[in-house]
Structure formats: structure tokens, C-alpha cells
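Worksheet for the structure shown next.
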Amino acid sequence: MSFNVLIVDDSNTMRAVIKKVIAISGFKMAQCIEAGNGKKALEVLTDNRVDVIVSDINMPEMDGFELLKNLKGEDLFKNIPVILISTESSEKRMQDAFDLGAKGFIKKPFTPEAVKKILNEVIGESNEEEDRRDDEGFDF
Amino acid sequence: MKKKIEETMRVSIFEVFEKMFYIFLEPLDDESNEYDMEAAISFEGFLSGEVRLLLSMDIANTMIQNMLGLEKDEITRQIIEDCSKEAINMICGNFLGKLDSTKVFKLSIPSFIEGGSRPGPLNSMNQNQSSASAGMNFTGIETGKNAYKMDFDSDEGRIGVIIAAND
């Protein structure tokens with residue numbers, strides 16, 4: 001099974017780097033979609049099926065934290081796992097991210113192995129949650 | 001504190017260059033001023049200051065080729081600027097996280113200049129720092145007790161990093 005990944009970063013170069021690192025990590029990526037900030041990511045989500053979002057924190061217009069808040073308020077998007085990626089990795093910053101619903105946190109600099117590990121953990125958790133919801137949905 | 005700052009910065013620089021650019025650096029005993037561009041970022045928190053990354057064109061090109069898999073003729077000025085800014089952002093963030101992960105720091109948006117001399121807040125540093133760059137005119141930095149300059153060599157070229165901090 002392959003997954004559609006949405007990369008959100010205001011730097012074209014960084015988006016290209018993240019895309020390349022995910023590709024060489026061996027993570028099963030079907031399609032890579034890109035957005036330049038949180039606002040654009042929300043627009044992209046209306047037209048695309050996305051399995052996981054990898055987002056920068058500091059971006060103009062809508063940052064990664066705002067994106068998390070917005071996703072939480074949308075029934076269609078609230079279950080899409082989000083991994084934040086940042087150079088700012090203080091314990092408080094990471095806790096804030098998890099409190100807002102982030103499923104993972106990638107510290108820069110990163111290796112392909114570390115990125116794959118977090119993606120697989122998050123996708124695994126997400127699939128388990130979906131299975132649980134499916135199971136709960138049937139009343140035999 | 002000076003020793004801790006220098007050692008933490010050195011580790012952070014090695015980590016960023018190895019993990020992101022696949023470049024292995026060696027500390028350089030001689031001071032080098034032969035750089036073509038500079039990226040800078042400032043930070044605020046329990047420690048405030050600025051970090052500057054000095055790059056030769058050769059090493060900038062190699063960083064981009066290694067990180068993005070581009071050929072030399074595909075590299076644009078914009079990509080060089082983005083890559084340099086991303087590098088200084090990672091070095092500074094990594095450095096501060098290692099220095100104290102329980103503290104929150106505010107980082108500025110990185111800036112970038114090619115060649116020339118950058119007049120900046122670093123020239124307000126005080127004297128008495130052996131590793132600061134006496135006579136270095138690339139950045140307009142004067143020696144100061146909290147300003148450190150480190151130069152590194154690699155097969156791909158040299159880099160310099162300057163950190164100025166007021167605690």
C-alpha cells in the first residue's frame with residue numbers, strides 16, 4: 001500500500017528536500033502534493049486525497065500550529081495525521097504541537113531513516129485508528 | 001559558558017552538514033576569509049545573539065548538489081540563497097536545542113548577502129576574544145568577548161561560522 005503525502009513549507013527548496021528525503025527513505029509514497037503555507041494546504045485538501053501531512057511550523061499567512069487547529073475543526077480532515085517539521089525543537093514547542101493534535105515531530109537536521117520511521121509510526125497509528133473506527137461502525 | 005557555546009556549536013555544525021549535505025568537515029586551524037556569501041539569523045531567549053554562516057561558492061554548490069540532487073548548471077541564485085538560509089536556520093535551531101532543550105528561543109527570518117561587508121549588531125561586541133575574527137572585513141565584525149569564529153575545511157571547500165551571544 002502506498003500513501004499520498006502533502007508537504008507544506010514556504011520554501012520551494014525545503015519542499016524539494018523533504019520530497020527527496022521521503023523518496024530515498026523507501027517510504028511507500030504514491031503521490032506527493034505540495035503547498036506553500038497552511039492556508040494553501042487546506043485548499044489542496046479539498047481536491048486531493050491525502051494520507052499524511054508533513055508541515056513546517058513557521059510559514060507566512062497560516063503557520064503549522066494554525067493549520068493543526070483548522071484541521072481539527074473540519075470533520076473531513078481531522079483524522080489526517082500531521083507531522084510537524086522544524087529546527088525549533090524545545091520540549092515546550094514539541095508539547096504544544098502534540099497538544100494541538102500533531103502525531104509526530106521531525107527535528108531538522110533529519111536523516112531519511114528518521115523520516116521513514118516517523119512516517120511509518122504515524123501511518124501505522126492512523127491505520128489502526130481507522131480500523132478501530134470501522135469496527136465500531138458495525139453493529140452485529 | 002564560552003567553552004560550552006563553542007563545543008555545542010561545533011557539534012551542531014557537524015550534524016547539519018553531515019545529515020543534510022553529506023559533507024564532512026574538519027576544524028581549520030588557520031583563519032580563512034575567502035568566502036563568497038553569508039547567511040545570518042538572530043535569536044532571542046535566555047541567550048540572545050546572532051549566528052552567521054560564511055560559504056565559498058564551491059561549497060554552496062556542493063551542498064545543493066548533495067541535498068537536492070541537482071546538476072551544477074541547474075543551480076540558480078535563488079536556490080543558493082534558500083539553501084544557505086535553510087542551513088543557518090538548522091545550525092542555529094540545532095545549536096539552541098542542544099544548549100538547553102527546556103528553553104524556548106525566538107529565531108528571526110534568516111537573511112542572505114553575497115560578498116561585500118555586512119554592518120551588523122555583531123560589531124558592538126566587546127573585546128578580548130581570541131577566536132573572534134580580528135581584521136575580518138567580510139562581515140564588519142570586530143573582536144568581542146562573546147563573539148566566536150570557527151572555520152572548517154572539507155574536500156568540497158571551506159565554511160566559517162560566527163556566533164555572537166549576550167547572556
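Below, read A as the first sequence line, B as the second, and so on, with proteins coming before strands; counting in each chain starts at 1. It should be emphasised that the depicted structure is a prediction, and the values quoted were computed from it without experimental measurement.
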Can you find a pair of side-chain heavy atoms, one from [X] and one from [Y], that are under 4.5 Å apart?
X         : Y        : answer
Met20(B)  : Val17(A) : yes
Thr13(A)  : Leu68(B) : yes
Lys108(A) : Glu86(B) : yes

Heavy-atom contact with chain A under 4.5 Å, split by part of [X]:
X         : answer
Tyr22(B)  : side chain
Lys103(B) : backbone
Glu15(B)  : both

* Asked: After noting the C-alpha distance and the side-chain angles of Lys106(B) and Glu88(A), does the key distance pass the salt bridge (Lys or Arg N to Asp or Glu O under 4.0 Å) rule?
  -> CA-CA 9 Å; Lys106(B) 192 176 169 195; Glu88(A) 293 171 64; over 6 Å; no
[X] with [Y], same ILVMFWY side-chain cluster at under 4.5 Å:
X         : Y        : answer
Met94(A)  : Leu67(A) : yes
Phe110(A) : Ile7(A)  : yes
Ile109(B) : Phe43(B) : no
Leu68(A)  : Phe98(A) : yes
Ile23(B)  : Leu28(B) : no

[X] atom [atom1], over 12 foreign heavy atoms within 6.0 Å:
X         : atom1 : result
Lys107(A) : NZ    : no
Glu74(B)  : CD    : yes
Lys117(A) : NZ    : no
Lys19(A)  : NZ    : no
Lys19(B)  : NZ    : yes

* Structure fact -> When every non-hydrogen atom of Met90(B) is compared with those of Thr87(A), the smallest separation belongs to CA-CG2, 3.4 Å
* Asked: Any idea which heavy atoms bring Lys20(A) and Gly69(B) closest together, and the distance?
  -> NZ-N, 4.0 Å
* If you check every heavy atom in residues 151-161 of chain B against those of chain A, which residues fall under 4.5 Å? ->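 Checking residues 151-161 of chain B against chain A gives no residue, so none.
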* Measure Ile24(A) against the heavy atoms of chain B and call it side chain, backbone, both or neither at under 4.5 Å. => side chain
* First locate atom CG of Asn89(B), then atom OG of Ser86(A), and finally report the distance between them rounded to the nearest 0.5 Å. =>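 These two atoms lie 7.5 Å from each other.
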* Asked: Any side-chain donor paired with an acceptor under 3.5 Å for Glu91(A) and Ser101(B)?
  -> yes
